[in-house]
Amino acid sequence: METLELEKIISDNSSVAENYYKNSNYDLAIPHYLKLLDAVKKNDTQNKLAGNVAVKLDMIYARLGECYLNINDNVSAINYFTEGMKINSTNPFLLVGAANVAFNNKQYDYAKKVLQFALAHNPTEITINDFIKQIDYVIAKENKDKENNSFGFNNKYYSHIPIEASKTTIVNVNPNNLLSLCMIVKNEEKMLAGCLESVKNIVDEIIIVDTGSTDKTLEIANKYGAKIYYFEWINDFSEARNESIKHSTSQWILYLDADERLTTESQNAIRTLINTANEEVGAYYVVIESDHRQLDGSTESHKGAYPRLFRNLGYPNIKFMGRVHEQISPSIVAMKKLTLPSDLVIEHLGYNLTEQEMGKKVDRNYKLLLEHVKDEPTNGYAWFQLGQTLGRMELFKEAEDATRFAIKCGDLKGAVLASATASLSQFCGKKKEFTEALYWAEETLKIVPKQLYGLSLKAHSLLYLGRKKEAEQAFLIALEYAKNIEKLPKSGFDIVISEKLLTDGLKKSRE
């Protein structure tokens, strides 16, 4: 079989299998993982996905084991875990999977030994230790009761390790506390006070998790009565944020970074909003406004809406996922709660930085995102964020490739997918490939019909294609939205396009 044909089989089956897996359709994922396994074995010298991402054979065995584990076929599961460990004996996914099988068979001592081995070789995977504690609990209970335990361990999986290591829900809600602010910080003495000033009168407690400050950050936090906890930085924003929400004792959680401020109007509205929330509401979208400094020194205003305010359902019921650009949404969806729009606004100062400051931030994100896509080679969101970061680094070819692959992964939805298609439209426009730029702009508008950025991309693409009548209409619509900027979608992303840019385009389309 030709190499290109094998690579297509690998790419196609990897994407489909991962989608089924992420949606818990394990029986449907298995045949695609088997095809992927066969193709990778045949193509083991060039086993790469589109985008030149190597498929790790041991991870395919891990995924197959996990799928069989979730459909209660422990025999097939342990067979695949064992095959994978012949390739990589310290892979935590395989080891924890094998421990899971042992746990299901009530071989608790053996399961514990496997986990201890896994932890010794993967010390940053702190959830393994939680699983060990779980086993200790069951052993102690068995010894006490002298009968089969009925704890009922649940074989679900975190994004970074294939097991929900502890079903212990950490939630110590004080009914008198309505709202907690949860933050992670490191050396934020310049920004922290401004953030805390914006919330000091509307939160019942301030939770600060510090990852190694050496300046006056903690001194400032103490002045605002914050509860301070320490967490060793392990290159994973989700783990740090999860540490912060574990300590929340309020019914709701707001999370901010030190370079963010809640607007005055939002301060006045937030408690009423959550006090009147129906039980099915799990989170609210909050609009984040940020000025992005451009390479020429100008600024570009971005607006996006993200679930920054959510109900405290207890860790790990509610938890962040992703090494960087971490998300709370998957766990809200998993808890079958709604995320609704709100009028709350956060001002974000973190992208209006000097070239040197932005360079450090981009470099940090780039390294973390590379690790993320290595861990999860078909995670579309990770690839999308890598594409955004590569764009900031002016590596436009690489940014375009990453964004195309993000869309190909098939798991991007809604506003994130619209942002990815808009980015592709922009990349194509830079290369003067206006036919494809128009295609991606129209794909964006199918998802978010009122996005000003997408309308501008469409209008300019039509203009440069010489379709001036159509361009004129698109510019007129874009100008109407630009004049009514408050009508921007609350749950999505947009860039504030200047009326002058649109007016200039309209004039050209009428020439």
Side-chain angles (χ1 to χ4, degrees), residues 14 17-18 21-22 26 29 33 37 40 53-70 74 76-105 107-136 153-168 231-240 242-243 315-316 319-324 326 330 368-379 382:
S14 178
E18 286 291 292
Y21 172 83
K22 289 174 182 176
Y26 304 111
Y33 279 127
L37 179 64
V40 171
V53 182
V55 179
K56 296 181 179 179
L57 201 58
D58 58 321
M59 286 306 302
I60 303 175
Y61 281 115
R63 283 291 201 248
L64 278 165
E66 293 160 18
C67 288
Y68 279 110
L69 192 63
N70 276 283
N74 288 317
S76 295
I78 194 61
N79 286 340
Y80 282 109
F81 289 136
T82 302
E83 285 299 309
M85 282 186 278
K86 290 178 182 177
I87 301 169
N88 183 357
S89 62
T90 62
N91 183 319
F93 294 83
L94 295 164
L95 291 165
V96 176
N100 235 324
V101 174
F103 188 100
N104 289 345
N105 292 328
Q107 298 171 321
Y108 303 125
D109 289 332
Y110 177 75
K112 184 174 178 179
K113 289 178 181 178
V114 173
L115 290 172
Q116 288 171 334
F117 177 82
L119 189 61
H121 290 275
N122 303 276
T124 61
E125 296 289 359
I126 57 176
T127 50
I128 296 176
N129 196 49
D130 290 336
F131 193 4
I132 294 172
K133 291 177 182 177
Q134 183 64 48
I135 292 173
D136 287 337
F153 191 81
N154 189 338
N155 291 308
K156 296 292 182 184
Y157 299 89
Y158 283 131
S159 62
H160 61 289
I161 185 168
I163 179 134
E164 187 171 272
S166 172
K167 287 302 292 181
T168 304
F231 184 80
E232 182 179 354
W233 180 244
I234 56 174
N235 290 326
D236 193 318
F237 278 91
S238 285
E239 290 295 347
N242 287 335
E243 182 65 23
Y315 177 86
K319 61 180 180 288
F320 290 92
M321 297 180 181
R323 284 180 181 271
V324 63
E326 59 281 9
L368 292 176
L369 285 164
L370 282 182
E371 289 299 316
H372 195 166
V373 296
K374 286 178 183 177
D375 291 343
E376 299 181 75
T378 56
N379 184 317

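Side chains are part of it too, since the values below use all heavy atoms of this structure and drop only hydrogens, waters and symmetry mates. If you read the sequence from its start, that first residue is 1, and numbering goes on from there.
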Might you confirm whether atom CD of Gln107 has over 12 heavy atoms from other residues, nucleotides or ligands at distances under 6.0 Å? yes
If you round to the nearest 0.5 Å, how far is CZ of Arg63 from CZ of Phe93? 6.5 Å
Taken to the nearest 0.5 Å, the spacing of Met59 CE from Leu94 CG works out to 7.0 Å
Between Ile135 and Tyr108, what is the shortest heavy-atom contact and its length? CG2-O, 3.6 Å
Across all chains, not counting sequence neighbours, the side chain to side chain contact (heavy atoms under 4.5 Å, CB included) partners of Glu326 are Phe237, Ser238, Arg241, Phe320
Any residue meeting salt bridge (Lys or Arg N to Asp or Glu O under 4.0 Å) with Lys133, in chain and number order, not counting sequence neighbours: none
May I ask you to decide if the ring planes of Phe131 and Phe103 are parallel, tilted or perpendicular, using 30° and 60° as cut-offs? tilted
Between NZ on residue Lys22 and CG on residue Asn379, distance to nearest 0.5 Å: 4.0 Å
Least distance between heavy atoms, Gly322 atom then Asp236 atom: O-OD1, 3.8 Å
Taking all non-hydrogen atoms of both residues, which atom of Asn235 and which atom of Arg323 are closest, and how far apart? O-NH1, 3.2 Å
For Cys67 versus Tyr26, what's the shortest heavy-atom pair and its separation? O-CB, 3.8 Å
Take atom OH in Tyr110; do more than 12 heavy atoms of anything else shown fall under 6.0 Å from it? no
Gly97 versus Leu69, closest heavy-atom pair with distance: O-CD2, 4.3 Å
Return the NZ to CG distance between Lys113 and Leu95, rounded to the nearest 0.5 Å. 15.0 Å
So how far is it from Asp375 CG to Leu370 CG, rounded to the nearest 0.5 Å? 11.0 Å
Using 0.5 Å steps for rounding, measure from the CG atom of Leu57 to the CG atom of Asn88. 10.5 Å
Where Val101 and Ala77 come nearest, the two heavy atoms and their spacing: CG2-CB, 4.1 Å
So, do Trp233 and Glu239 sit near enough that their side-chain heavy atoms are less than 4.5 Å apart? no
Examine Tyr61 together with Phe81 and report whether their ring centres are nearer than 6.0 Å. no
Derivation and outcome, side-chain hydrogen bond (donor to acceptor under 3.5 Å, both in side chains), residues Ser89 and Asn91: CA-CA 6 Å; Ser89 62; Asn91 183 319; over 6 Å; no
